[in-house]
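Quick notes on the structure that follows.
Count residues from 1 along the sequence. Everything numeric here is computed off the predicted structure, so don't read it as measured data.
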Amino acid sequence: MAVLKLQSLKPRPISELSMKVGSIRCYVSSCRAVLLPRFGGPEVLQLRPDVPVPDLKPNEVLVRARAVSINPLDTRMRSGYGRSIFEPLLPLILGRDVSGEVAAVGASVKSLTVGQEVFGALHPTALRGTYTDYAILTEDELSPKPASLTHVEASAIPFAALTAWRALKSTARITEGQRLLVIGGGGAVGFSAIQIAVAAGCHVTTTCGNQSINRLIAAGAEQAVDYTSEDIESVIKEKFDAVLDTIGVPETERIGINLLNRGGHYMTLQGEAAALSDRYGLPIGLPAATAVLFKKRIQYKFSRGIEYSWIYMRADSEGLHEIRRLSEARKLSIPVEKTFSITQVREAHEAKDKKQILGKVVLELD
């Protein structure tokens, strides 16, 4: 087992990284990272050459990042989403997904070793993200990288797939033969959910834009409804055991609820905790969000006999290892539309903001 204790050293650039192979000690005191010093547009992102690398805790792993993907959460946080939580803690490092190699491990890490290729994702509220040469994640947030995937391909998967996994496996607990509706199957979470459900033997229907229909049918969806030209409720005739709503507006919530069997699960990615906290401040907003969720759960439980949940990504070691297995078997993938160098992070965020690139974007680190 490789054991590391990062020592407090005078800041040095990455080029001065030193390793003692015999005892597997690694000293990295500073590295490149993209900082978010204030909220705003892509222009606020700053690539700094000498951002400090914290000491590792016993359960943490230092990862030499090779590729990190851009998630919608990144651009929303950059613009001020979660301001009530994150503003007092600025500057932040954005980024959740990562693929790279283990550079060092904390004293209690058992399953990973220095030099091993890994992929994984940080939880949504992490302050030190993955837009950096050296990312820090816990052992439970990482898994060996699927050998058949490149770092770019692997980095696109964990955060979105773990979000879908939490909805389908941890919340709805889908089983073979059940029927699932994915509202908004064209995005990374929706596309992951379709593939996870198909691999579990479920029957999947989805809604999407016209440009995504063929891709979602190829992934195993039995029906893909173009929401831009068809009336969803007229076209979809059956009822479902679970609905995952990746759009989360009042109209899609109404449709999803109406298409559920009694005893089914409605799950939305658009929980209101951060939005209400941003609007009213944490002391008022967080209790208000809790009250909203409780009210909806009671309302739908007694009026419809269904379960109602807000879905957020959480670290799940077992889930990530299953995602790795599915990815290795080519049963789960998220296509990458374009890559940028980490030095082009502003251009990448601008392209996502302007919807010039609808698919997955990955930042490469050399």
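The cationic group of Arg166 does not satisfy the cation-pi geometry with Tyr312, failing either the under 6.0 Å distance to the six-membered ring centre or the 45° limit from the ring axis. Cation-pi geometry between Lys296 and Phe294 is not satisfied (NZ or CZ under 6.0 Å from the ring centre, within 45° of the ring normal). In this structure, Arg324 is not positioned above the aromatic face of Phe119 in the sense of NZ or CZ being under 6.0 Å from the six-membered ring centre and within 45° of the axis.
Contact of the Thr207 side chain with the Val182 side chain is not registered, since no non-hydrogen atoms from C-beta on lie closer than 4.5 Å. In this structure, Leu363 and Ile70 have side chains that are in contact, with non-hydrogen atoms separated by less than 4.5 Å. Proximity of Phe191 to Ile196: side-chain heavy atoms (C-beta onward) are nowhere separated by under 4.5 Å. Leu122 has its side chain within reach of Glu141: a pair of non-hydrogen atoms, C-beta onward, lies under 4.5 Å apart. In this structure, Pro54 and Ile136 have side chains that are in contact, with non-hydrogen atoms separated by less than 4.5 Å. At a threshold of 4.5 Å between non-hydrogen side-chain atoms, the residues Leu244 and Leu269 count as touching. Annotation: side chain of Thr163 is not in contact with side chain of Ser192 (no heavy-atom distance under 4.5 Å). Residues Leu320 and Trp165 fail the side-chain proximity criterion, which asks for heavy atoms closer than 4.5 Å.
Considering only residues two or more places apart in sequence or on other chains, Tyr81 meets the ring-ring contact (aromatic ring centres under 6.0 Å, His included) condition with none of them.
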Stepwise, does the side chain to side chain contact (heavy atoms under 4.5 Å, CB included) test hold for Leu94 with Arg78? CA-CA 8 Å; Leu94 296 177; Arg78 190 209 69 226; 3.9 Å; yes
What do the steps show when you test Glu251 against Ile183 for side chain to side chain contact (heavy atoms under 4.5 Å, CB included), and what is the final call? CA-CA 11 Å; Glu251 179 64 6; Ile183 299 176; over 6 Å; no
Side chain to side chain contact (heavy atoms under 4.5 Å, CB included) between Phe39 and Met77: does it pass, once the steps are laid out? CA-CA 8 Å; Phe39 299 117; Met77 283 180 62; 5.7 Å; no
Kindly determine whether Asp316 and Ser170 satisfy side chain to side chain contact (heavy atoms under 4.5 Å, CB included), including the steps that lead there. CA-CA 10 Å; Asp316 183 333; Ser170 302; 3.9 Å; yes
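Between Thr75 and His349, the side chains place no donor N or O within less than 3.5 Å of an acceptor N or O (distance only, hydrogens not considered). For Asp140 and Thr138, the side-chain atoms include no donor-acceptor pair closer than 3.5 Å. If you check the side chains of Ser341 and Glu364, you find no donor sitting under 3.5 Å from an acceptor. Looking only at atom types and distance, the side chain of Asn258 has a donor-acceptor partner in the side chain of Arg304 under 3.5 Å away. Between the side chains of Asp50 and Ser30, no donor-acceptor pair of N or O atoms lies under 3.5 Å. Under the 3.5 Å distance criterion, with hydrogens and angles disregarded, a donor-acceptor pair is assigned to the side chains of Asp245 and Thr252.
Under the 4.5 Å side-chain heavy-atom criterion for ILVMFWY residues, no single connected hydrophobic cluster contains both Ile232 and Ile217. Neither Val362 nor Leu332 shares a network with the other; the hydrophobic side chains, linked directly or stepwise wherever heavy atoms of I, L, V, M, F, W or Y lie under 4.5 Å apart, form separate groups for each. Hydrophobic clustering (ILVMFWY, side-chain heavy atoms < 4.5 Å, transitive): Leu47 and Leu92 are in one cluster. One hydrophobic cluster holds both Val345 and Leu127 under the rule that ILVMFWY side chains link at heavy-atom gaps under 4.5 Å. One hydrophobic cluster, built from ILVMFWY side chains closer than 4.5 Å, cannot hold both Val225 and Ile213; they sit in different ones.
A salt bridge between Asp241 and Arg173 is absent, with no side-chain N of the basic residue lying under 4.0 Å from a carboxylate O of the acidic one. Taking 4.0 Å as the cut-off between side-chain N and carboxylate O, Glu101 and Arg66 count as a salt-bridged pair. Glu233 and Arg254 are joined by a salt bridge, as a carboxylate oxygen and a charged side-chain nitrogen come within less than 4.0 angstrom of each other. Comment: Arg325 engages Glu322 in a salt bridge, judged by a side-chain N to carboxylate O separation of less than 4.0 angstrom. At a threshold of 4.0 Å, the pair Arg346-Glu350 does not count as salt-bridged, since none of the basic side-chain nitrogens sits closer than that to a carboxylate oxygen.
For the side-chain hydrogen bond (donor to acceptor under 3.5 Å, both in side chains) with Ser69, the lone residue among Asp97, Thr339, Asp74 that qualifies is Asp97. Test Lys295, Glu307, Glu253 against Tyr300 for side-chain hydrogen bond (donor to acceptor under 3.5 Å, both in side chains) and you get one pass: Glu253. When Arg179, Gln223, Glu222 are each tested for a side-chain hydrogen bond (donor to acceptor under 3.5 Å, both in side chains) with His203, only one passes: Glu222.
More than 12 non-hydrogen atoms from other residues, nucleotides or ligands lie less than 6.0 angstrom from CD of Glu43. Within 6.0 Å of atom CG in Asn214, 12 or fewer heavy atoms from other residues, nucleotides or ligands are found, so the atom counts as exposed in its surroundings.
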